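From a predicted model like this one, the values you see are computed outputs, not experimental measurements. FYI, the numbering just counts along the sequence from 1.
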Amino acid sequence: MDLLKELLIITALILTSSFFSISEIALAGARKIKLKLLSESGDDRADKILALQENSANFFATSQIGLNAVAILGGIVGEGALRPYFIDWIGGFYQGQYLENLGFFSSFFVVTLLFILFADLIPKRIAMINPEKAALAVINPVLFVISVFKPLAWVINVLANLIFRIFKIETTREDSMTFDDISAVVDAGAQAGVLQQQEHHFIENIFELEERTVPSSMTTRENVVFFTLNESEQSIRQKIAEYPYSKFLVCSDQIDQVIGYVDTKDILVKIMNNQSFIQLNESTIRNVLMIPDTLTLSELLDRFRASKEKFAVVINEYALVVGIITLSDIMITVMGDWVVPIEEDQQIIKRDEHSWLIDGTTPIEDIKHALSINDFPDWDNYETIAGFMMFKLRKIPRPADSVIHEGYKFEVVDVDHYKIDQLLVTKVIENQEPNEELV
């Protein structure tokens, strides 16, 4: 009967210790986002957990009091209860001078093993599986225990705070969330199957709007189709028929003398009304939004929203036109690979498993995604892969010039009037160690 009584005491101590272990992990690991959702759904226990997380000093002091007191008491009770039985059992085949010591170490080992398994390891792993659910289950008993041990917890906290001050340790919890934190959550959701592949892709691209500048998504200067103020009707009709754009830039004589833009539908209305001459004048030319090439895509979205425009001209610090950009260009950047054009118009064409043909105007961000490259050096000095080549080579590139970066060889294969038209990118053989070099 004495053994049964002592075993019941040990079991009660193990259960008490497991309660503190579960509470410690669950309340510390419960995520605020989920708790706020539970709170909004009407569960007041979530509010109690959030309040406890904001001021957790009393809880951790109480938890350590309980865990250490129970562990010490369990060792005393367990060792005293089990040692005589281990001595009798070992004495059946050994009667040497170390019999007492063997009995002590055997009882100590068994009691310690029981506490590790059932009072610490298993409860903590259960709490880690679903910390929010476990926290909701224990919050009310925990608050009761805290109220019981509050005087002793206060003394311990005073001593702990004194030590923190002496060693100048910051005790304020940092709860701010960065883009990296959000990105990690999104990646975890994609790996868990909560987010579909395209959803994950869209969210990543939306985050990049804060970093990508306008030139990475614009139509470059040499590809801009524009009307001059004195453009002939035949030329206007021909350009509208040849280029299926909804808006055309209008300039005085050259592209840097911007006057405004015309909407194709305004011209088509005149054609449908059988007007004999299409004239570019105040009735058809609209004011155009002019933006610097240093804006990010996120800032441009704000400009579009404020001006209620969907078309902008991009100029550099010398007031020269470097390109045009539309709201559709930003949306294509967000959609990425899910709205790629037909194969022959792609900027990145995969030739085989280890090589790609890449257009020189391809934005660096697209290269990073396609080749899984983490970063490019001094990326704020250029926007495109052609810019990267010129930055690294420190000269106007010629065919066969190449740069090795992050295990890839970037080789110029076509140059037209000093402009890099196309590059061949190949994976470097694994035994070639240099991370980056010029060839």
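Note that Arg394 lies in the cation-pi zone of Phe391, set by a 6.0 Å cut-off to the ring centre and a 45° limit from the axis.
Between the side chain of Ser63 and the backbone N or O of Phe59 there is no donor-acceptor pair closer than 3.5 Å. Looking at Glu411, its side chain never comes within 3.5 Å of a backbone N or O of Leu423 through a donor-acceptor pair. Looking at Ser107, its side chain does come within 3.5 Å of a backbone N or O of Gly103 through a donor-acceptor pair. In terms of modelled atom types and a separation under 3.5 Å, the side chain of Thr264 and the main chain of Tyr245 share a donor-acceptor contact. In this structure, the side chain of Asn223 does not engage the main chain of Thr219 through any donor-acceptor pair within 3.5 Å. Between the Asp366 side chain and the Thr362 main chain, no donor and acceptor come within less than 3.5 Å of each other.
Among all heavy-atom pairs drawn from Tyr382 and Asp378, the shortest one is CE2-O, 3.3 Å. Heavy-atom minimum distance, Thr294 versus Glu299: O-OE1, 4.4 Å. The two residues Asp329 and Ser217 make their nearest non-hydrogen contact at CB-O, 3.6 Å. A pairwise comparison of heavy atoms in Asp375 and His405 identifies O-NE2, 2.9 Å as the closest pair. Taking both residues in full, the closest heavy atoms of Ser106 and Phe86 are given as CB-CD2, 3.6 Å, listed atom of the first, atom of the second, then distance. When every heavy atom of Ala135 is checked against every heavy atom of Ala30, the shortest pair comes out as CB-CB, 4.3 Å.
Taking the ring centroids of Phe248 and Tyr243, they lie at or beyond the 6.0 Å cut-off.
Between Lys124 and Ser21, the closest side-chain pair of non-hydrogen atoms falls below 4.5 Å. For the pair Ile291 and Val313, the minimum side-chain heavy-atom distance is 4.5 Å or more.
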Problem - Derivation of the side chain to side chain donor-acceptor pair (under 3.5 Å) call for Ser39 and Asp47 - result: CA-CA 6 Å; Ser39 175; Asp47 292 325; 2.4 Å; yes
Exercise for the section: Take Phe304 and Phe311 through the ring pair (Phe, Tyr, Trp, His ring centres under 6.0 Å) test and state the conclusion after the steps. Expected result: CA-CA 8 Å; Phe304 279 153; Phe311 180 87; 8.8 Å; no
Handout entry: Candidate pair Thr296 and Thr213, rule side chain to side chain donor-acceptor pair (under 3.5 Å), full reasoning
Key = CA-CA 4 Å; Thr296 65; Thr213 54; over 6 Å; no
Exercise for the section: Under the side chain to side chain donor-acceptor pair (under 3.5 Å) rule, what do Glu383 and Ser216 come out as? Steps first, then yes or no, please. Expected result: CA-CA 6 Å; Glu383 293 288 344; Ser216 68; 4.6 Å; no
Problem - Residues Ile373, Tyr408; criterion side chain to side chain contact (heavy atoms under 4.5 Å, CB included); working and verdict - result: CA-CA 9 Å; Ile373 294 177; Tyr408 292 92; 3.8 Å; yes
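Here Ser355 contributes atom OG and Lys350 contributes atom NZ; the two are 9.0 Å apart, rounded to the nearest 0.5 Å. The structure places CD1 of Ile385 at 13.0 Å from CE of Met390, a figure rounded to the nearest 0.5 Å.
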